[in-house]
Asker: 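Quick one: structure below, then a few questions.
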Amino acid sequence: MAKTPRRMKYNCESAFAGIELRDKSILEIGAGKGILSAYMASFARHVVAMEPEAAGSSEGVLAMIAKLRDRLAIENLQVVTTKLQEYDAGNQSFDVVVLHDSINHLDEKACQELRCSDDARRTYRDIFTQIVQMTVQGGRVVIFDCSPRNFFAWSGIKHPVTPQIEWEKHQPPEVWCSLLKPLGVVRESLSWTVAYPLHAFAPLLSNSIAAFFLFSHFRLVLRLDS
């Protein structure tokens, strides 16, 4: 996610700008190397980093999370290795649920078919129902992902910086909003990510038009309406 401490700091701070983390209970679904979870743990009361090390994750990331947690002496970071669909939170509930570039990996086949298949929509409604049941009233669900509404996706040209993006496995933020709204989850804000090498131009590039020609990476903040 980040190659230098400066880039890491920028990525973490920009990811959660305007989102209250202090003293919150937080679940990150698809924690990867644990960098965001570790950052959130420096503010939060408790963070659960869920990383099943499958369905899009990289091998060895669980060891990386554990190493990071030990090196920083983080005591309020819990790592779980089950998939979301198999996770039992018990009586625990969360103020903030974060899905950073992981929402499409919860069921890749269903994600690709969301706009043409009732079965796919039911699959994701079940997933979102589980998330909502674990989220407190007034809590936030924060989704980061790439929208397929992108110049390179539409032109068929490989992205020069991130050629590995499989655009067909992603959905625009409006699709996630439409699936969550019937569950009482409403859109609070939508913003567009500006990559670290371009951060000096963020005021000019943090909009949907610029994003269309860059990465189309968004942050969608939703609130469980109380």
Asker: Does the ring centre of W192 sit less than 6.0 Å away from the ring centre of F215?
Answerer: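 No, too far apart.
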Asker: Check L204 against A210 and note the closest heavy-atom contact, atom names and distance.
Answerer: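 Looking at all heavy atoms of both residues, the shortest contact is O-CB, 4.4 Å.
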Asker: To the nearest 0.5 Å, what is the distance between CD1 on I26 and CZ on F94?
Answerer: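 Going from the CD1 atom of I26 to the CZ atom of F94 covers 10.0 Å.
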Asker: Assigning hydrophobic clusters by single linkage (Ile, Leu, Val, Met, Phe, Trp, Tyr; side-chain heavy-atom cutoff under 4.5 Å), is L27 placed with V136?
Answerer: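 Cluster IDs for L27 and V136 differ.
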Asker: Do you know the tightest heavy-atom contact between F218 and C146?
Answerer: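 Heavy atoms only, the tightest pair is CE2-C, 3.9 Å.
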Asker: Quick one, D101 and H217 - any side-chain contact, counting heavy atoms below 4.5 Å?
Answerer: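 Yes; the side chains approach each other to less than 4.5 Å.
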Asker: Which residue is it: F16, Y196, Y39? I am looking for the one with a ring-ring contact (aromatic ring centres under 6.0 Å, His included) to Y10.
Answerer: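 Running ring-ring contact (aromatic ring centres under 6.0 Å, His included) over F16, Y196, Y39 with Y10 returns exactly one hit, Y196.
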Asker: For atom CD of Q164, is the number of surrounding heavy atoms from other residues, nucleotides or ligands below 6.0 Å larger than 12?
Answerer: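 Atom CD in Q164 is crowded, with more than 12 foreign heavy atoms closer than 6.0 Å.
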Asker: Apply the side-chain contact (heavy atoms from CB on, under 4.5 Å) test between I127 and each candidate in I103, L106, V132; give the one that qualifies.
Answerer: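 Looking at I103, L106, V132, the match for I127 under the side-chain contact (heavy atoms from CB on, under 4.5 Å) is L106.
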Asker: Just checking R115: does its CZ atom have more than 12 heavy atoms from other residues, nucleotides or ligands closer to it than 6.0 angstrom?
Answerer: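 Yes.
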Asker: Do the non-hydrogen side-chain atoms of M134 and S93 ever get within less than 4.5 Å of each other?
Answerer: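 No, their side chains stay 4.5 Å or more apart.
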Asker: Rounded to the nearest 0.5 Å, what separates atom CD1 in I131 from atom CG in L222?
Answerer: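 That separation rounds to 10.5 Å.
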Asker: Could you give the distance from NZ (K169) to SG (C111), rounded to the nearest 0.5 Å?
Answerer: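 Going from NZ on K169 over to SG on C111, the span is 10.0 Å.
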Asker: Does a side-chain heavy-atom distance below 4.5 Å link L224 with V141?
Answerer: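 When only atoms from C-beta onward are counted, V141 and L224 do not touch, as no gap falls below 4.5 Å.
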Asker: With no hydrogens and no angle check, is any side-chain donor or acceptor of S117 less than 3.5 Å from a backbone partner on A120?
Answerer: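 Present.
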Asker: Applying a strict under-4.5 Å side-chain criterion to I, L, V, M, F, W and Y, I'd like to know whether L183 and Y87 cluster together.
Answerer: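 Yes; tracing contacts between hydrophobic side chains, which count when under 4.5 Å, links both residues.
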Asker: If I take atom CG from residue L114 and atom CD from residue Q171, how far apart are they, to the nearest 0.5 angstrom?
Answerer: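 Here the interatomic distance stands at 5.0 Å.
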Asker: Give a yes or no on whether the backbone of S37 and the side-chain of E28 come within a donor-acceptor separation of less than 3.5 Å.
Answerer: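 Yes, the answer is positive, given that a donor and an acceptor are paired below the 3.5 Å cut-off.
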Asker: At their closest point, which heavy atom of P203 faces which heavy atom of A200, and how far apart are they?
Answerer: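 Closest pair (atom of P203, atom of A200, distance): CD-O, 4.1 Å.
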Asker: Check whether T4 reaches the backbone of R7 with its side chain - one donor and one acceptor, N or O, closer than 3.5 Å.
Answerer: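 Yes, T4 side chain to R7 backbone: donor-acceptor pair under 3.5 Å.
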Asker: Between NE2 of H170 and CD of Q112, what distance do you get to the nearest 0.5 Å?
Answerer: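 Here the rounded value is 9.5 Å.
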Asker: Any side-chain heavy-atom pair from L179 and R121 closer than 4.5 angstrom?
Answerer: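 Result yes, sub-4.5 Å side-chain heavy-atom pair found.
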Asker: Salt bridge check: are R223 and D225 linked by an N-O gap of less than 4.0 Å?
Answerer: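 Yes.
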Asker: Measuring only between side-chain heavy atoms, which start at C-beta, is D95 closer than 4.5 Å to R45?
Answerer: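 With C-beta onward as the side chain, the pair touches.
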Asker: Can a side-chain donor-acceptor contact be found between Q78 and H46 if the only test is distance below 3.5 angstrom?
Answerer: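 Q78 and H46 do have a side-chain donor-acceptor pair below 3.5 Å.
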Asker: Name the one of L180, V98, L190 that satisfies side-chain contact (heavy atoms from CB on, under 4.5 Å) with I143?
Answerer: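 The single option meeting the side-chain contact (heavy atoms from CB on, under 4.5 Å) with I143 is L180.
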Asker: For C12 versus I35, what's the shortest heavy-atom pair and its separation?
Answerer: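 The answer is SG-CG2, 4.0 Å.
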Asker: Please determine whether the number of non-hydrogen atoms from other residues, nucleotides or ligands lying under 6.0 Å from atom CD1 of I209 exceeds 12.
Answerer: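 Counting other residues, nucleotides and ligands, CD1 of I209 stays at 12 neighbours or fewer.
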Asker: Would you list the atom pairs, donor with acceptor, under 3.5 Å between side chains in residues 148-156 and any protein atom, with sequence neighbours excluded?
Answerer:
{"residue": "R149", "atom": "NH1", "partner": "E174", "partner atom": "OE1", "Å": "3.1"}
{"residue": "N150", "atom": "OD1", "partner": "F152", "partner atom": "N", "Å": "2.8"}
{"residue": "N150", "atom": "ND2", "partner": "F212", "partner atom": "O", "Å": "3.2"}
{"residue": "N150", "atom": "ND2", "partner": "L214", "partner atom": "O", "Å": "3.4"}
{"residue": "N150", "atom": "ND2", "partner": "S216", "partner atom": "OG", "Å": "2.9"}
{"residue": "W154", "atom": "NE1", "partner": "P148", "partner atom": "O", "Å": "3.3"}
{"residue": "S155", "atom": "OG", "partner": "F151", "partner atom": "O", "Å": "2.9"}
{"residue": "S155", "atom": "OG", "partner": "F152", "partner atom": "O", "Å": "3.4"}
{"residue": "S155", "atom": "OG", "partner": "I157", "partner atom": "N", "Å": "3.3"}

Asker: Using a 4.5 Å cut-off on heavy atoms from C-beta on, say whether the side chain of M40 contacts that of V96.
Answerer: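 SC-SC contact between V96 and M40 ruled out.
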Asker: Test of understanding: clusters of I, L, V, M, F, W, Y form through side-chain heavy atoms closer than 4.5 Å, transitively. Do V97 and V175 belong to the same one?
Answerer: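 Looking at the clustering, V175 is in the same group as V97.
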Asker: If you look at every heavy atom in L220 and W176, which pair is closest and at what distance?
Answerer: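 It is CD2-CB, 4.2 Å.
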Asker: Rounded to the nearest 0.5 Å, what's the gap from OG1 on T123 to NZ on K109? Could you check?
Answerer: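 It comes to 8.5 Å.
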Asker: Considering all heavy atoms of both residues, which atom of A41 and which atom of N76 are nearest to each other, and what is their separation?
Answerer: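 In terms of heavy atoms, the two residues are closest at O-ND2, 2.9 Å.
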Asker: State whether the side chain of R219 and the backbone N or O of A17 hold a donor-acceptor pair below 3.5 Å, judged by distance alone.
Answerer: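 Yes.
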